[in-house]
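A quick write-up on the structure given underneath.
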Amino acid sequence: MSTAQSLPYMQKQDPKMAEAVRGEENREATGLELVPSENYISQACHEALGSVFTNKYSEGYPGARYYGGQDFTDTIETIAIDRACKLFDCKYANVQPHSGAPANIGAYFALCEAGDTILGMDLSHGGHLTHGHPVTHITKSFNFVRYHMKNPDTGEIDYEELREVALREKPKLILAGFSAYSRELDYQKFVDIAREVGAYTMADMAHIAGLIAGKAVKNPFDYGFDIITSTTHKTLRGPRGGIILIRESEELAKKIDKSIFPGLQGGPHMHSIAAKAVAFKEALTPAFQDYAQQILKNAKAMEKVFLDKGIRLLGGGTSNHLLLADVYGSIGVTGQEAETVLDEVGITLNKNSIAGETRTMFDPSGIRFGTPAITTRGLKEAESTRVAELMIEAIINRENTAVKDRIRVKVKVLAETFPIPDSFV
Ligand SMILES: *Cc1c(COP(=O)(O)O)cnc(C)c1O
């Protein structure tokens, strides 16, 4: 979007803020975004986010609110729920979670009592902070136990260990779905083990929700998962926010609703729910299925470049939108060093710990990157290959200013050739 005419009121009233917003607009327009959890929303989605719904209080749910004046809030929340259910093929949805973390916390408290055990993937193997990292408050309420990958070079989960731990620890809930994991899961095995021990199954699809919605990867509901939690701003390409989906149990859906409000949150962010509804409509189009497929093709193109250059990828490669490269183990450059040099050339990604990490959290062995944002800009396999080549060239030549300057120009040209779109339909 053209920035020259934007923000007339902010410019007048608060020029410092306007300058920072324009700075970010320019950064996003001229660089390439490879953080696998980031994306660009449509202008229609921006309009919903910037709408008057931010003014409105509407605690409760459609038809049962605690304030008057709900003529239009009920409409948008009902539409958002209907579209979410259609998109993910389930009976119930709660669209109020402010983000992915509160969606997970709300789900835990709906399904478990304080002190209950939750079985999730080891965090160093790809699990998320909200799956029971010791720094989070929820570890004071629940007892988190772990399963792992059997082999970090294939990414296969150790399902025998999962079953043994489940039989021993009797978890109330078994979690699947991660933030730094590049392979598909055997959802049937999770469901079989959960049924054997009487646990609920929850898939945290924060990263891959858009791939599921676009039918590019499997839907855990097809295997009988009880609930799915997700963000709406990653591959799903909507506003920052969360959702909880319930396959078919009305009883569970009621528990989830009570847990989110009044259990955890106050008034829903109706402007955000309006934007979620807009994004869900976009995701229901055939064009979104093409988008989801292209994300995978672009990731495969990048995978080939890294493997051809002898750089180890966790999981041995990728079956989704992201890659986790062991740059330290492969070429002796730390995750932090790689992140820094790539920032200098206009490519944004994040350093990441890898399974069996030998370094620190602040300067780990790996980098994590993915294709959702560049695919939104229209890059295809040829350009994704080019981006991967430029990344490796920059990392290897991290001390050569002339080479880095040259790469920075190439990145900028690529970014300008593929502007951030205003609309996807
Ligand atoms: C991103 C993510 C979350 C948290 O989402 P926020 O919106 O940042 O709170 C939860 N779970 C997984 C697997 C994620 O990748």
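These values consider heavy atoms only, across backbone and side chains, with no hydrogens, waters or symmetry-generated copies. Both counts, for ligands and for their atoms, begin at 1 and track the order of listing.
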(request) Say whether His233 and Asn39, considering side chains only, have a donor N or O and an acceptor N or O under 3.5 Å apart. (result) no

(message) Please check: side-chain N/O of Glu383 versus main-chain N/O of Lys380, any donor-acceptor pairing under 3.5 Å?
(response) yes

(request) Decide, yes or no, whether a salt bridge links Glu250 with Lys254 under the criterion of side-chain N to carboxylate O below 4.0 Å. (result) yes

(request) Show your working on salt bridge (Lys or Arg N to Asp or Glu O under 4.0 Å) between Arg163 and Asp192 and close with a plain yes or no. (result) CA-CA 9 Å; Arg163 181 166 175 270; Asp192 290 346; over 6 Å; no

(message) Using side-chain contact (heavy atoms from CB on, under 4.5 Å), reason through Tyr61 and Asp257 one step at a time and then give a plain yes or no.
(response) CA-CA 8 Å; Tyr61 290 98; Asp257 281 354; 3.8 Å; yes

(request) Examine Arg247 relative to Phe225 and say whether NZ or CZ is less than 6.0 Å from the centre of the six-membered ring and inside a 45° cone about the ring axis. (result) no

(request) Show the protein residues that qualify under the rule heavy atom under 4.0 Å from an atom of ligand 1, listing them in chain and number order. (result) Ser99, Gly100, Ala101, Asn104, His128, Thr130, Phe178, Ser179, Asp204, Ala206, His207, Thr231, His233, Lys234

